[in-house]
> 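Below is one structure. I have some questions about it.
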Amino acid sequence: MNLRIFSVQHNHQGLAEVARATDVASRIAHELRGTRDVDGVVLLTTCNRVELLVDAPDLATAHARLRLARLGPETSAWEVMEDEDALTHIFRVAAGLESMIMGEREIAGQLRRALNDAQDNDLASPVLTTLIEEALRTSRRIARETSLHAAGRSVVSEALDLLGPLDWSAQRVLIVGTGSFAGAVVSAARSRGAHDVSVHSASGRGQAFAESHQLRYVHELPDAVHRADVIVTCRGTGGHVITADMLACPRPVAVVDLSLPGDVAPEVAGLPHVTAVDLARIQRDVAPRWNDDAERAAELVSEGVENLLAKLRTKQVDPAVVELRQAVLELVSDEVSRLPQGRPLERDECAHALRRLATRLLHTPSMRAKQAAEAGRSEAYLSALYEVCGITAISPANELNPDELESQHCPATGLSLGDLDPNPRLEAL
């Protein structure tokens, strides 16, 4: 395995670099996939990260960096993660552990869609497909076995609590945008007694959102801001839609920015009549409450990565097992063709055929043993022989119980030795 992740993240390189990388990420993914030594590429883009998952077993990291530099923006400082570090990273991303709001579930759906898009465009490889499916499986397990999935939902309640005591029944609440937190804002405001809740959106989804949540839809944002007491933004598409000029009227206003990048201009927080809350402040208040769940999630990520590594190692030997099985079956077929036809076989004939088959099977290993001894590689050969055949001329420290080996299933056929019932006709001979 030689997996790499080329990453640009808001908390490392900044949102400006994320935006620059996003503009060219799709082209980079397609051009990388078309180059020699690259078996697969999956592209994950969100509002705060760009991740290029690259499966390139025979491509040196220095060459991969050079190709990326030639294809992408000159100033993009791509962070590179390799092999197990890359596996751990994408598992943590899928679980929401690398998100601004720990445990948020939206990222899992985005990763699933990224894989589907790569498969539809013939970009994904079997290794990348297995990786992402295992990461998503671990993400679901974390959602079942911890309460981190509730952390995202609690962000809205925490944000509204930070506004201090309010008579919510008298507040005119304006929701700007229909992003992932918008529905939770409606529920949280109403649970506090709010009756006057409206929504504005420039995405074209605002009218349908208002109807589905029984809200009032407002077309003109400046007028809606002017009359609102509590403004909650949930866009996250970039650009400041709430500015200090829009809040110039000196009356108490609460502004909650639940977007990344932010929807509210920084100078708004400096207005004396404005109470401002953003994601960074919420995260500082919320994160300590989820420490135990975060530790358990990290343990599950480690387990998931180990299980994936074991699965990938197994897949590496599968072709050799299949080829070995085919070679042995061809020898068996050849010996069967030599048996007399048209009459029952004698025991001596069966024994002769089996001894001949055994001799043919052992010929190559025996000759290799002689060559290894002559070359001074006896110990290495005996170790290999033990691994393949269980020959105990030397006794490795990790020797397995024969009964345990006999109960395990062949990766090529799916059978154990116990599944191979004896042939009644042969036993009768």
Side-chain angles (χ1 to χ4, degrees), residues 2-83 85-87 89-94 96 98-100 104 106-125 127-129 131-132 135 177 179-180 202-204 235-241 259-263:
N2 201 343
L3 173 73
R4 298 180 188 85
I5 295 178
F6 295 90
S7 177
V8 179
Q9 304 174 58
H10 75 94
N11 54 338
H12 291 177
Q13 293 94 336
L15 287 171
E17 283 303 304
V18 171
R20 285 171 56 80
T22 300
D23 289 341
V24 295
S26 179
R27 176 176 62 81
I28 290 175
H30 282 81
E31 293 194 23
L32 271 179
R33 181 64 180 91
T35 60
R36 187 167 56 90
D37 299 332
V38 176
D39 293 343
V41 179
V42 173
L43 169 64
L44 171 65
T45 57
T46 72
C47 60
N48 53 32
R49 69 173 63 248
V50 176
E51 310 271 9
L52 277 165
L53 286 68
V54 181
D55 176 19
D58 300 318
L59 184 64
T61 299
H63 293 166
R65 281 182 177 274
L66 181 60
R67 290 187 187 181
L68 202 64
R70 288 173 176 172
L71 294 172
E74 293 182 3
T75 60
S76 285
W78 294 91
E79 181 179 354
V80 183
M81 288 158 277
E82 297 184 88
D83 297 331
D85 288 340
L87 296 182
H89 174 75
I90 206 63
F91 271 68
R92 289 181 60 84
V93 167
E98 297 294 329
S99 299
M100 181 69 177
E104 61 98 0
E106 186 178 7
I107 186 65
Q110 292 169 326
L111 184 57
R112 166 57 67 187
R113 289 191 292 275
L115 175 59
N116 291 342
D117 289 345
Q119 292 172 328
D120 291 343
N121 290 283
D122 196 29
L123 299 178
S125 66
V127 168
L128 292 178
T129 299
L131 160 61
I132 293 175
S180 58
S203 68
R235 292 169 66 254
T237 55
H240 297 147
V241 294
S259 299
L260 188 71
D263 294 326

> Let me confirm one number: the CE-CG distance from M81 to L87, rounded to the nearest 0.5 Å.
11.0 Å
> Working to the nearest 0.5 angstrom, can you tell me the gap between I107 CD1 and E51 CD?
8.0 Å
> With the side chain counted from C-beta on, respond yes when L3 and L128 share a heavy-atom pair under 4.5 Å apart, and no when they do not.
yes
> Hey, which of D37, D39, V38 is the one that makes side chain to side chain contact (heavy atoms under 4.5 Å, CB included) with P57?
D39
> Counting C-beta onward and ignoring hydrogens, is there a side-chain heavy-atom pair between F6 and I28 closer than 4.5 Å?
no
> Between S259 (side chain) and R235 (backbone), is there a donor-acceptor pair under 3.5 Å?
yes
> Taking C-beta and beyond as the side chain, do L111 and V93 meet within less than 4.5 Å on heavy atoms?
no
> Between CD of E17 and OG1 of T22, what distance do you get to the nearest 0.5 Å?
10.5 Å
> Between D55 and S125, does the side chain to side chain donor-acceptor pair (under 3.5 Å) criterion hold? Intermediate values first, please.
CA-CA 7 Å; D55 176 19; S125 66; 2.8 Å; yes
> Any idea which heavy atoms bring A118 and V41 closest together, and the distance?
CB-O, 3.8 Å
> To the nearest 0.5 Å, what is the distance between CG (L53) and CG (L44)?
7.5 Å
> Work out which heavy atom in A86 is nearest to a heavy atom in I5; give both atom names and the distance.
O-CD1, 3.3 Å
> How long is the span from the CG atom in L32 to the CZ atom in R27, to the nearest 0.5 Å?
10.0 Å
> Search all heavy atoms of A114 against all heavy atoms of L43 and return the closest pair with its distance.
CB-O, 3.2 Å
> So which heavy atom on R4 is nearest to which on A56, and how close?
NH1-O, 3.5 Å
> Pick one: which of H89, R92, R49 meets side-chain hydrogen bond (donor to acceptor under 3.5 Å, both in side chains) with E98?
R92
> In Å, rounded to the nearest 0.5 Å, how long is the span from CG of L52 to CZ of R33?
13.5 Å
> With a 4.5 Å limit on heavy-atom distance, are the side chains of D117 and V42 in contact?
no
> Identify the two heavy atoms, one from A94 and one from A108, that lie closest to each other, and give their separation to 0.1 Å.
O-CB, 3.8 Å
